[in-house]
Structure formats: C-alpha cells, structure tokens
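What follows is one structure encoded as structure tokens, with my remarks underneath.
In what follows, every heavy atom counts, from backbone to side chain, and hydrogens, waters and symmetry copies are set aside.
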Amino acid sequence: MSDKHLSTQFDADLAGISNRVIEMGGMVESQVAQAVYALANFSGETATFVLAQEERVNQMEVEIDRDLSAIIARRQPTARDLRLLIAVSKTIANLERVGDEAARIARTVQRLINTGVSSRLRLPVADLGFECDLAVAQLRKALDAFARLDTAMALTVLKTDDQIDREFDGLLRKLITYMMEDPRTISSCLDMLFISKAIERVGDHAMNIAEHVVFV
C-alpha cells in the first residue's frame, strides 16, 4: 500500500472524527440552551429532554474515544497529527462535561418544580439567560476554531472569557441582595447560584477547547 494512500485514508479518518466532534458540540450547545429555557419556563418536559440527551452525549464520547484509539494504533501518527488527535480527545472530554453541567441545571429545575417553587418568584432568571447566551456563544466560537484549526479565533475566545466571569460575579451580588431582602428566597437563590456556576463552567470548558486549538 502506497504512502499516499495511507495519508489519504488518515486524512479521511481525521475528517470523520472532526465532523462527529462538531456534531457532539452542537448537541451540548442545545443542551445548555434547553436547560436554561426549562428554568425560564419551569418546563419539566424540557428538563427531561435535556437529561435524555445527556445519555447520547456520553455515548458519543465513548464512541469517538474508541475510534481515536483505533486510529492511533493503526496509523501511529507523530508530530502535528498526534497533537491533533490528543486535542480531539481532550475536546470531547470537555464537551461531555458541558453536557454534565446542562444535566445539572435540568435536575435543579426538576427539583424546583417538584418542591412547588412558583415561576412567579422574583428571581433573576433573565440574568441567567444572558450569561447562558455568552457561554453558548463562546462554546460555538471554540468549536468553529476547532473545525478550522483557526488560532486567531481561538485566541478571541481566550480573551473574552472574563466577560462570563463578570456576569457571574454580578449575579452573585444580586442574589445576595435578594436573600437579605426576603429570606424566603434563600433556597431558590442558592439554586440559581449553582446554575449560574454551571453556566460559568461551560465558558471555562469553551476556553479549554480554544487552548487545545492553540496547542495543535
């Protein structure tokens, strides 16, 4: 078998893996957005859908990781090719954790609904929605950078990560004020805080993916 044929097959294997990573990324983007939608609308049905998607995301990580191991065993890549496969492995791990954060939000929504918390309760859900939009946008940019191996785009993700951190800090101060003004909101505000922290971690995972692009 010629070296050219081997190279062409390796490129095809890489393209197939990359496409599946992007598909997995799209699924977890949707998970996060749907989880926050479930909170904003107190939708138990949407929360259940998010949890069902988590199983598929976990399965995709296992399948892609298995195929990565097979490619490394068959092709024995070196230099940039090996760095790319390592970056793919780390990227799917980060995407799986994003799915975990979305599932954590969905489970919190289910608990709020089951404990009878009213959707009319005065809570800063809109602030969470804005933070979520920022985190999902960061994740999308990081995945675009991965798909194109675009270092400039990856660096943009790294430089704008602080914005999500500032949103989290601002929401924390607002929640503290709510709890001081009305102790009845303490339990629900703590749930909001955990959700906000989960969204912030989504931004952190997006930053990790961008760092992997720079590594390649």
Side-chain angles (χ1 to χ4, degrees), residues 23-62 91-140 142-143 161 163-209:
E23 179 186 356
M24 183 179 176
M27 290 182 66
V28 298
E29 277 185 40
S30 175
Q31 265 190 295
V32 175
Q34 290 290 320
V36 174
Y37 173 88
L39 173 66
N41 295 276
F42 274 63
S43 172
E45 182 180 355
T46 305
T48 300
F49 172 78
V50 171
L51 293 173
Q53 285 291 93
E54 181 189 21
E55 295 181 11
R56 177 56 186 149
V57 169
N58 292 342
Q59 184 62 32
M60 285 192 75
E61 183 197 17
V62 171
T91 294
I92 61 173
N94 276 278
L95 290 176
E96 190 273 334
R97 292 186 189 110
V98 170
D100 288 345
E101 300 299 345
R104 186 171 290 113
I105 295 171
R107 283 191 289 269
T108 301
V109 172
Q110 288 182 332
R111 185 171 66 253
L112 288 170
I113 293 173
N114 292 336
T115 54
V117 173
S118 171
S119 60
R120 295 185 297 275
L121 187 65
R122 183 172 172 263
L123 291 172
V125 175
D127 298 76
L128 283 173
F130 182 68
E131 183 187 5
C132 176
D133 289 343
L134 289 175
V136 170
Q138 285 283 82
L139 181 59
R140 188 174 298 119
L143 288 169
D161 180 66
Q163 189 175 2
I164 298 175
D165 295 336
R166 288 195 297 269
E167 286 298 319
F168 173 77
D169 292 340
L171 182 59
L172 174 60
R173 290 192 294 270
K174 186 174 290 188
L175 288 171
I176 290 173
T177 301
Y178 281 19
M179 289 186 284
M180 291 174 62
E181 291 178 349
D182 186 356
R184 293 174 301 174
T185 66
I186 289 176
S187 178
S188 298
C189 282
L190 289 176
D191 282 327
M192 296 297 107
L193 177 59
F194 291 136
I195 290 173
S196 181
K197 187 62 180 177
I199 295 172
E200 186 205 23
R201 290 197 186 104
V202 172
D204 290 340
H205 291 308
M207 186 173 66
N208 291 342
I209 293 171

Could you check whether any side-chain heavy atom of [X] comes within less than 4.5 Å of a side-chain heavy atom of [Y], counting everything from C-beta outward?
{"X": "V28", "Y": "V32", "result": "no"}
{"X": "R173", "Y": "D169", "result": "yes"}
{"X": "Q110", "Y": "V50", "result": "no"}
{"X": "R107", "Y": "E54", "result": "yes"}
{"X": "R56", "Y": "M60", "result": "yes"}
{"X": "T46", "Y": "N41", "result": "no"}

Look up atom [atom1] in [X] and atom [atom2] in [Y], then write down how far apart they are to the nearest 0.5 Å.
{"X": "Q138", "Y": "L134", "atom1": "CD", "atom2": "CG", "result": "7.5 Å"}
{"X": "L171", "Y": "L193", "atom1": "CG", "atom2": "CG", "result": "7.5 Å"}
{"X": "I164", "Y": "F130", "atom1": "CD1", "atom2": "CZ", "result": "10.0 Å"}
{"X": "C189", "Y": "R184", "atom1": "SG", "atom2": "CZ", "result": "11.5 Å"}
{"X": "M27", "Y": "Q53", "atom1": "CE", "atom2": "CD", "result": "4.0 Å"}
{"X": "L139", "Y": "H205", "atom1": "CG", "atom2": "NE2", "result": "10.0 Å"}

Q: Apply side-chain hydrogen bond (donor to acceptor under 3.5 Å, both in side chains) to E23 and list each qualifying residue two or more places apart in sequence or on a separate chain.
A: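 Per chain and number, E23 pairs via side-chain hydrogen bond (donor to acceptor under 3.5 Å, both in side chains) with no residue.
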
Heavy-atom pair with the smallest gap, counting every atom of [X] and [Y]:
{"X": "V109", "Y": "A35", "value": "CG2-O, 4.2 Å"}
{"X": "G129", "Y": "V36", "value": "CA-CG1, 4.0 Å"}
{"X": "F42", "Y": "L112", "value": "CE2-CB, 4.4 Å"}
{"X": "A206", "Y": "A142", "value": "O-CB, 3.4 Å"}
{"X": "A33", "Y": "C132", "value": "CA-SG, 4.2 Å"}

Q: With sequence neighbours excluded, give me every salt bridge (charged side-chain N to carboxylate O under 4.0 Å, His left out) pair touching residues 43-52.
A: none

Which pairs would a plain distance check flag for residues 95-105, meaning a side-chain donor or acceptor within less than 3.5 Å of a matching protein atom at least two apart in sequence or in another chain?
from	atom 1	to	atom 2	distance (Å)
E101	OE1	R104	NH1	2.5
E101	OE2	R104	NH1	3.2

